Amino acid sequence: CELLVQDIGAETVMQMGELVKKGVDVYLLRSMPVIFVVVVVVASVVWVTAGGPFVISMLVGASTCMFCANLGTNMNFEGGPRLTHAMNYDLPGSLQSGVRTGAIGGLTAHSLAQVGVVLVWMIVGDANALVGFGAGVSLISFYIRVGGGIFSKGSDIGADFVAEQIGGMDDDMNQDQINEMRKQLEDLDGDGEKDEKAIAAEKLINPDAKVDEMHEGGYVTAKELEIRKHIEEEMAKTLKTIHPVNYLDAIGENIADVGGTSSDLFETMSLTLATAVILGSKIHKVPYIGTSLPFAIISTGTLGCTAVCYKVRCFEKDTARQIRRSLQCNLFGVIILVQGAVFGYSYLHWTVYHTISFDELISYTVIIFLGLISPEVCASICEFFTSVSCYPVKWLAQDAHFGPMQVILQGLGQGFVSAGIPSVVNIIVQIVAFRLEGFYGLMLLACASQACTGWQATLAAYGAVANNALRMSHLTTVNELAHHRANVCAAVGTTQSHNGKVVSGQNAFFATTALLGALLADKRTKQGVDFTSTVGQELSEFARAGLLAGIIFTMLFLANTVTSCIRMAKKLVRFCKEKPQQSGPRLDKTFPATHIIPLKTLTGFAAIESFQLTFSPMCQTFAAPLVIGQLLGFKGLLMLVSGGNSVCFSLNMFLINSGQAWDAARKYVLFGMLEDKDGNVVGTDSQEYDTLGIGEQIGGPLEDLTGPALNNFIKFVAVVSFVTSDIYDEFPDNTWIWGIGQVFLNFSLIGFFKFGLAAAVRQLEGFW
């Protein structure tokens, strides 16, 4: 692998990377065997209801997804130190290194999902059993996204609590004190004013600043060299004395963003392709065309995404905004390739093989174009409200002096507005697709929306590695140009990571809609009814109740995940207070030996606790279709999935955009972009920066946990609905009593996993 042979850089960078990598190994070692046991138990139950082929598909899907997520996560941690080292030399090389690192996880997910579905289909030979492949992926994806999110954000909040209650760094890796020491470099000639070199270096903080000759040239005096030496000594002291709990956030960020995004993409792709096989074979007049066209769309997109990962246009003096436009150009190249290839494929079948009509050729072209362009349209809309380069974030930062209430309400307002416009876009494209080709059109729309997600997943993973490299760079070097490149890469990466969440949400919405069509097709076909004649859902009392249930279960899931995150933070603080010797740094040793054993201990504890806290949301998600399907019948179940899908998408956009707006506004101050009325830079020692930190703390769990987890929630609900569809009658006359029993049973299980499991584990630990 080209990544692994690159220079890892200075010893301190290498040590930081190795330290975090050891924590990741502990997390995977603790969690993956337990996940495997859960999958085996679920597969044993499903064997009774769905049969052997379905279970085989499920196990293959789970194993493949687990491999993909682990590969992407491990490679991102390998790439962090190498990217940090590359930032000391040039920006184009740094950007290219980060993108190629992210491509390992992003493109692997994009490719293995297709290969897995095709192989399982060839071996099993049952189209419906392909949903089993998606079901296995859903189990893994749910845990990685929800469990990893609880681990990550619980550790992030817990680290702040530890600093307040136990002691340690009260800011981000002691950057305030280090920045104060850097101010000694501002007036080296002693005339009482900032030197030109210091002014130039100050401007470099801004990722949209232009690099000129003043930044690139110059020499270092003896006095400046001595000051820089003292700063590096303070950095080394920080690395040695900082509490190990601060490193958990770096571990969790990659697990949640890289592993979570890769597995989320893998899940969506698997379900969409399984749906394509089912609907294509049932709806299209020429089944092999109906099933092959979706694979042609996505596989062409995979080839295009692979090609554009090889080279990104970038120059040393490019700003973050210019790099973002270069990345968009790469994406548009993939869109043009897919659109052209699929049009040629369809044109060939119209003119040569006569398997589709001219009207179908036009319809397919329009639907595929809408599917290709709509994710980037939604991402660009959300980027306007959440990017440091755009006015809404600037306004939020400027108004921070009014206090926390202003920051919170304004951030929520931006989230509401930014969620409404993408929802309108989805409504329009789905109406057009359904009017043109019915359920098959919705399925093509879902496939086209995922054709370019290999590139989007690559950039989302790049965002995680760029943020880790930013932290390493500011703790290991005093090189202002290296800091500038780190800021540029992190600014681009933060935006791209957020765009990846937006695209994942839209893909999940389209995939769930298509799976809902497959569910309806499968049920109506077994009933001997022509499901293509279905034009709408009768608004009966059961349908209305099912729609309301979709909202209720979604809100319960949100509450469950947020409270689990807070419980994780409290558990972490309690562990650090009760066992300070095991969790604190070993100051009698040299770095990184000061942190290796404590970090392994903390990671192992947090991994087990986060896994226990994931059971409750998972049980609730599994219970939703079982309860509603038996309590309200099949019509109520359809509205549960349909209504829940719409609510989940809108809430997802609102939560991730609000959280990102607060985070971006704080970075706006961090990067020196905020000025007061006199034109002076407002820095990190200001009240505005502290006030925006409150919004960032609130928005962190919303942006990185609850929002993205809604994708996994609704897809898991749809999968369970499909798998268990045979046990639901059209009306609940004969099953409602079982539905009531399911309510009591599942709420008892949720309560046990929420509160009783931890108590039971403590009792067992005391016994042994």
Side-chain angles (χ1 to χ4, degrees), residues 1-33 66-87 97-98 100-105 108 144 147-148 151-152 155-156 159 173 238-240 242-263 461-476 486 493 583 585-586 589-608 610:
C1 179
E2 180 184 350
L3 169 68
L4 297 180
V5 300
Q6 292 179 1
D7 191 353
I8 202 169
E11 183 181 8
T12 307
V13 175
M14 178 186 67
Q15 290 170 343
M16 286 188 68
E18 185 64 24
L19 176 63
V20 177
K21 180 67 169 60
K22 288 182 181 297
V24 175
D25 292 339
V26 172
Y27 179 88
L28 297 177
L29 181 65
R30 291 293 184 94
S31 59
M32 289 306 163
M66 192 181 301
F67 167 78
C68 177
N70 288 354
L71 176 65
T73 302
N74 280 309
M75 289 298 101
N76 253 46
F77 280 108
E78 293 288 351
R82 291 165 172 82
L83 176 57
T84 305
H85 178 60
M87 288 171 177
S97 174
R100 292 180 181 177
T101 300
I104 297 174
T108 300
I144 294 176
F151 177 93
S152 174
S155 300
D156 187 15
M173 297 290 192
T238 297
L239 292 177
K240 181 176 180 179
I242 192 172
H243 199 286
V245 73
N246 289 277
Y247 287 98
L248 289 181
D249 181 37
I251 298 172
E253 183 178 10
N254 275 266
I255 291 171
D257 286 351
V258 181
T261 301
S262 296
S263 60
Y462 156 76
V465 72
N467 283 324
N468 271 351
L470 173 70
R471 185 183 291 111
M472 290 183 183
S473 175
H474 283 269
L475 278 172
T476 57
S583 61
R586 302 189 173 187
K589 301 180 181 297
T590 58
F591 184 82
T594 52
H595 287 66
I596 290 178
I597 295 179
L599 184 60
K600 285 184 174 181
T601 302
L602 285 169
T603 304
F605 170 79
I608 296 299
S610 63

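All values derive from a computational prediction rather than experimental measurement.
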- Least distance between heavy atoms, Ala607 atom then Arg30 atom: CB-CB, 4.1 Å
- Item | Nearest-0.5 Å distance, CD of residue Gln15 to OG1 of residue Thr594 | 9.0 Å
- Give, for atom CZ of Arg82 and atom CZ of Arg100, the distance between the pair rounded to the nearest 0.5 Å. 14.5 Å
- Counting N and O atoms only, with roles assigned by atom type, does the side chain of His595 sit under 3.5 Å from a partner on the main chain of Ile242, one being a donor and the other an acceptor? yes
- Check Cys68 against Gly105 and note the closest heavy-atom contact, atom names and distance. SG-O, 4.2 Å
- Could you give the distance from OH (Tyr247) to CE (Met16), rounded to the nearest 0.5 Å? 4.5 Å
- Rounded to the nearest 0.5 Å, how far does CG of Asp156 lie from CG of Asn246? 9.5 Å
- Evaluate the side-chain proximity of Tyr27 to Ile255: yes if any heavy-atom separation is below 4.5 Å, no if none is. yes
- Which atom names give the shortest non-hydrogen contact between Val26 and Gly604, and what distance separates them? CG1-N, 3.7 Å
- Message: If I take atom OG from residue Ser473 and atom NE2 from residue His85, how far apart are they, to the nearest 0.5 angstrom?
- Response: 12.0 Å
- Query: Looking only at heavy atoms, what is the nearest atom pair of His243 and Pro585, with distance?
  - Reply: CA-CD, 4.3 Å
- Query: For Gly493, does its backbone N or O pair with a side-chain atom of Asn467 as donor and acceptor, under 3.5 Å?
  - Reply: no
- Side chains of Pro598 and Arg586 in contact at under 4.5 Å (non-hydrogen atoms): yes
- Here the pair of heavy atoms bringing Glu78 nearest to Pro81 is O-CD, 3.6 Å
- Atom pair CZ (Phe605) and CG (Leu248), whose distance is rounded to the nearest 0.5 Å: 10.5 Å
- Task: Please name the pair of heavy atoms, one in Val465 and one in Gly98, separated by the smallest distance, quoted to 0.1 Å.
- Result: CG1-O, 4.2 Å
- Message: Donor-acceptor check, side chain of Thr476 to backbone of Met472, threshold 3.5 angstrom: yes or no?
- Response: yes
- Query: Do any N or O atoms from the side chain of Ser263 and from the backbone of Gly260 form a donor-acceptor pair under 3.5 angstrom?
  - Reply: yes
- Query: Is there side-chain contact between Phe591 and Leu19, with heavy atoms separated by less than 4.5 Å?
  - Reply: yes
- Item | Donor-acceptor contact below 3.5 Å, side chain Ser152 vs main chain Gly148 | no
- Hey, does the side chain of Asn74 reach the backbone of Leu71 with a donor-acceptor pair shorter than 3.5 angstrom? no
- Note on the structure: Exactly one candidate in Thr73, Leu602, Leu599, Asn468 meets side chain to side chain contact (heavy atoms under 4.5 Å, CB included) with Ile251; the answer is Leu599
